[in-house]
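For clarity, every value in this text was computed on a predicted model and none was experimentally measured. Residue numbers start from 1 in every chain, and the chains themselves are labelled A, B, ... in the order their sequence lines are given, proteins ahead of strands.
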Number of protein chains: 2
Amino acid sequence: MATATRDRILETADLLFYQQGFEATSFADIASAVGISRGNFYHHFKTKDDILDGVINRRLANTEQMLDRWEIEGDDPADRIRSFIHILIFNGEKIRKFGCPVGTLSSELAKLNHAAQPNAASLFTLFRNWLRRQFERLGFADKSDELAMHILGRSQGVATLANAFNDDAFLRREVDLMCAWLDDQIGLLRH
Amino acid sequence: MATATRDRILETADLLFYQQGFEATSFADIASAVGISRGNFYHHFKTKDDILDGVINRRLANTEQMLDRWEIEGDDPADRIRSFIHILIFNGEKIRKFGCPVGTLSSELAKLNHAAQPNAASLFTLFRNWLRRQFERLGFADKSDELAMHILGRSQGVATLANAFNDDAFLRREVDLMCAWLDDQIGLLRH
DNA sequence: GACAAAATAGGACAATTGACCTATTTCTTT
DNA sequence: AAAGAAATAGGTCAATTGTCCTATTTTGTC
């Protein structure tokens, strides 16, 4: 089963890239973690950039799937935005250890001047557009994209500092502040 | 002049670590950028971690100096906080290219599980304590540290997204929002 | 000016990296 | 069952890495 091995490689590479960073993760790391030889590995991915592309596409697919699920489950756009905000708590432990998977990858690739950086940033775009849609449904019209970017930025900052200080209390406090901010915005809209 | 060479090494390493990342910068990179041989290089710094320590200490000293200057120049704590917020615009170009020097280093070291990560985080602490002091002077008392962390987090998020999207308009918009937030907080305090 | 110490240069080292190659095994299709 | 394709294993390669070593030059001190 070629697909199975390929998927296992991508799953493992995804995890290692997140935990150790892209550059710090070697072929040998991934191959040994998957339990296959480097030769077999190279049969599925010719270059390291191929794996990176595969990992990013995998993340894009998974993220899209998650956002679609959120779109179905409830029908209050505000609740959906709150779901987004609460990922910070849901993934709190990982975030304190390794930061935000999207932000840290984008930052690393930007520094490496890597061709795939815009690809990684498109993960942000997925969240951005989804958030914008929720704000539009709430009636924020033209302001929706700015609000989406605002909340995306706040999340990034929380993740970075929670990681730097390994501070869970800060993370939870800021999640509450972001929810309060959301309520405020909705309140202001009604006048 | 041993000190002169040492300083030139640290200055160059500081820049390269910021632009390329710590791991992606090699001895050879730094030596050739400074214009000295690797042998001479090794005479000043025995290991790569030694350079990292030196760079972080250099940044700590420079940051402390900058904050002290801000403490002297004006006497309105709110203006000082605004000075901090406006670094985002002042260093906008670099931030869009390479992110925040403090946040990206801390993130990278966290992923590398590097012993110097807390050291890098202490750069954040410098800003945190300075901001806390300004809020205390404004009369926020016990809330000062939380407000300091809040504004620190917002800045980090802005830097991360401005870098990911190379978006100058977003950066300026968020700086305005942070200043408005500050005015709000001060307004709320007066009641 | 002699001499010890510091600074500099350049080479050598083992280890690791991404990349590539060629066998062998396994699977699929007929 | 046979044949071709896909998958796997394991070895090789040049390049780079951090580290270390030994000469040579420069500097500072008496």
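Distances from the side chain of B:R38 to the nucleotides C:dA19, C:dG11, D:dG10 place C:dG11 closest. The side chain of B:S37 sits closest to C:dG10 out of C:dA19, D:dT8, C:dG10.
Remark: P of D:dT17 and NZ of B:K46 are 22 Å apart, rounded to the nearest angstrom. Rounded to whole angstrom, the span from the CZ atom of A:F41 across to the C1' atom of C:dC21 amounts to 17 Å. Here D:dA6 presents its P atom at 17 Å from CD1 of A:I9, a figure rounded to the nearest Å. Here D:dT25 presents its P atom at 17 Å from NE2 of B:H43, a figure rounded to the nearest Å. With rounding to whole Å, B:H114 atom NE2 is found 12 Å from D:dG18 atom C1'. If you take CG of B:N40 and P of C:dA9, they are 5 Å apart, rounded to a whole angstrom. To the nearest angstrom, C1' of C:dT17 lies 19 Å from CZ of A:F45.
Applying the side-chain contact (heavy atoms from CB on, under 4.5 Å) test to B:D29 and every residue at least two apart in sequence or in another chain returns B:L16, B:Q20, B:T25, B:S26. By the side-chain hydrogen bond (donor to acceptor under 3.5 Å, both in side chains) test, B:S155 pairs with no residue at all, sequence neighbours left out. With sequence neighbours left out, the salt bridge (Lys or Arg N to Asp or Glu O under 4.0 Å) criterion links B:D145 to B:R128. Remark: B:E23 pairs with A:A24, B:E108, B:L112 by the side-chain contact (heavy atoms from CB on, under 4.5 Å) rule, at least two apart or across chains.
Taking the six-membered ring for Trp and thresholds of 30 and 60 degrees, B:F127 and B:F84 have ring planes inclined between 30 and 60 degrees apart.
With respect to the salt-bridge test (charged N to carboxylate O, under 4.0 angstrom), the residues A:D176 and A:R173 do not qualify.
Within residues 22-30 of chain B, the residues approached by DNA chain D to less than 4.0 Å at the level of any non-hydrogen atom are B:T25, B:S26, B:F27, in residue-number order.
A:T5 has a side-chain polar atom (N or O) that falls below the 4.0 Å cut-off from OP1 or OP2 of D:dT8. Between B:H44 and the phosphate of C:dA6, there is no side-chain N or O to OP1/OP2 separation shorter than 4.0 Å. The shortest distance between the side-chain N/O atoms of B:Y42 and the OP1/OP2 oxygens of D:dT19 is not below 4.0 Å.
Summary of the strand contacts: A:I36 and B:D49 both lie near DNA chain D, and taking for each the nucleotide with the nearest heavy atom, the more 5' one is attributed to A:I36.
A ring-ring contact (aromatic ring centres under 6.0 Å, His included) check over residues 170-191 of chain B, counting only residues at least two apart or in different chains, returns the pairs B:H150-B:W181.
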